[in-house]
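Heavy atoms only: backbone and side chains are in, while hydrogens, waters and symmetry mates are out. Keep in mind that this is a model prediction, so the values were computed, not measured.
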Amino acid sequence: MVPRMRLSIEEKTMVEVLRENGLLQNMNKKHFCGKEDVVAVCCPDGRQFVRGIFTPFMEMYDETHTISFHPLPRHGGTLVLDEHSPLVRPGHTTDKDLIHDLKDAVEMGYRAVCLVNHFPCGMARKHDIHPTRVIESLFAAKERIKRKEGLTVTIACFLQVTDGEQRDMYYISYDKFVSWRKRHSKGK
């Protein structure tokens with residue numbers, strides 16, 4: 001059996017900092033009004049994916065049983081889209097493949113993208129990526145998809161947190177996070 005991971009002290013601290021600053025919003029139906037066709041970029045790690053990501057999204061989106069839920073899983077989620085990501089091995093095109101898959105999904109008619117990273121994150125730990133970067137990666141991916149790649153889609157950023165049997169999914173506002181990060185980084 002694949003061992004379950006516990007939140008690290010750094011991950012717990014990051015969640016608390018985000019929570020204390022009002023950046024983690026519990027998922028509720030208002031986030032999903034009018035959305036039926038959704039692409040989800042997330043990590044396929046079975047310790048988190050089915051119960052922590054797939055099931056909550058299906059419960060939120062699929063009240064009418066009409067959803068088209070298109071998962072685009074990559075180990076590390078949006079971390080593969082980071083510039084010079086250690087998750088993209090030399091000679092590999094993992095990031096470009098993900099962008100190509102997103103473009104294909106948009107051509108198929110998908111207009112909403114959910115970017116989901118999670119704590120604990122085995123890939124972040126394997127590559128010594130700090131939890132702050134795991135969060136920042138969501139917004140860097142949003143920037144890359146919209147600005148650099150020019151995809152005109154709605155993009156929402158989420159953090160899935162598992163601690164033992166407790167699983168929570170949070171929406172993180174891009175504008176609130178960027179504003180908080182600017183204030184937080186001043187004087188450092």
Side-chain angles (χ1 to χ4, degrees), residues 5 7-35 38-45 48-49 51-61 69 71-83 85 87 98 102 110-125 129-149 151 153-163 166-186 188:
M5 294 188 304
L7 287 175
S8 70
I9 292 170
E10 291 172 324
E11 290 164 338
K12 282 183 182 183
T13 300
M14 187 74 225
V15 169
E16 286 307 312
V17 166
L18 293 171
R19 196 176 275 135
E20 288 169 5
N21 286 278
L23 297 173
L24 297 181
Q25 297 176 27
N26 288 322
M27 284 183 34
N28 61 49
K29 295 187 188 307
K30 73 177 181 173
H31 292 296
F32 302 96
C33 293
K35 302 285 191 297
V38 178
V39 176
V41 176
C42 54
C43 181
D45 186 341
Q48 320 300 340
F49 182 73
R51 289 169 210 81
I53 297 172
F54 182 73
T55 299
F57 271 83
M58 290 305 292
E59 288 172 358
M60 294 304 295
Y61 274 102
F69 184 80
L72 291 178
R74 296 296 189 282
H75 283 125
T78 66
L79 292 172
V80 301
L81 294 177
D82 286 353
E83 192 171 330
S85 174
L87 278 71
L98 178 53
L102 279 167
Y110 290 90
R111 295 289 176 257
V113 176
C114 295
L115 304 176
V116 185
N117 283 349
H118 58 80
F119 288 155
C121 179
M123 288 291 112
R125 290 180 184 181
I129 299 171
H130 193 274
T132 302
R133 184 67 215 145
V134 172
I135 302 301
E136 290 171 342
S137 177
L138 291 165
F139 304 105
K142 181 173 181 166
E143 285 289 323
R144 178 174 177 180
I145 293 164
K146 289 180 96 58
R147 308 290 186 284
K148 183 178 177 190
E149 304 298 337
L151 292 177
V153 292
T154 299
I155 298 178
C157 299
F158 297 88
L159 177 66
Q160 188 271 325
V161 179
T162 300
D163 194 12
Q166 178 72 30
R167 288 183 183 84
D168 295 300
M169 179 74 75
Y170 300 102
Y171 167 76
I172 306 174
S173 163
Y174 174 85
D175 294 332
K176 287 181 181 178
F177 181 81
V178 169
S179 175
W180 171 80
R181 194 71 176 128
K182 283 180 185 175
R183 286 191 319 272
H184 179 69
S185 62
K186 287 182 179 179
K188 287 190 175 186

Q: Mind listing the closest non-hydrogen atom pair of R167 and T162 along with its distance?
A: CG-OG1, 3.6 Å
Q. Looking at residues at least two apart in the chain, or sitting in another chain, which of them share a ring pair (Phe, Tyr, Trp, His ring centres under 6.0 Å) with Y110?
A. H70
**Q.** Counterpart residues, side chain to side chain contact (heavy atoms under 4.5 Å, CB included), relative to S179 (two or more places apart)
**A.** R183
Q: Compute the centroid of each ring, for F139 and then for F177, and state whether the two points are separated by less than 6.0 Å.
A: yes
**Q.** L102 CG to I145 CD1 distance, which is reported to the nearest 0.5 Å
**A.** 5.0 Å
Q | Expected output: side-chain N117 to main-chain V134 donor-acceptor under 3.5 Å | A | yes
Q. R144: what forms a salt bridge (charged side-chain N to carboxylate O under 4.0 Å, His left out) with it, not counting sequence neighbours?
A. D95, E149
Q) With a 4.5 Å limit on heavy-atom distance, are the side chains of R147 and K142 in contact? A) no
Q) Looking only at heavy atoms, what is the nearest atom pair of S173 and Q25, with distance? A) CB-NE2, 4.2 Å
Q | Minimum-distance pair of heavy atoms, taken over all atoms of H75 and P44 | A | N-CD, 3.7 Å
Q) Going by atom types only, do S85 and E83 share a side-chain donor-acceptor pair under 3.5 Å? A) no
(Q) Can you list everything that forms a salt bridge (charged side-chain N to carboxylate O under 4.0 Å, His left out) with E136? Sequence neighbours excluded, please. (A) R133, R181
**Q.** K176 side chain reached by I172 side chain, heavy atoms, under 4.5 Å
**A.** no
Q) Taking the side chain as C-beta and beyond, is there a heavy-atom pair between S8 and R125 under 4.5 Å? A) yes
Q: For A141, check side chain to side chain contact (heavy atoms under 4.5 Å, CB included) against everything at least two apart and list the hits.
A: T78, L81, L115
(Q) Checking E16 now: which residues fulfil salt bridge (charged side-chain N to carboxylate O under 4.0 Å, His left out) with it, not counting sequence neighbours? (A) R19
(Q) Do F119 and V15 have side chains that approach each other closer than 4.5 Å (heavy atoms only, starting at C-beta)? (A) yes
Q. Which pair of non-hydrogen atoms, one from E11 and one from C121, has the smallest distance, and what is that distance?
A. OE2-N, 3.4 Å
Q: Taking all heavy atoms of C157 and all of L138, pick out the closest pair and write down the distance.
A: SG-O, 3.8 Å
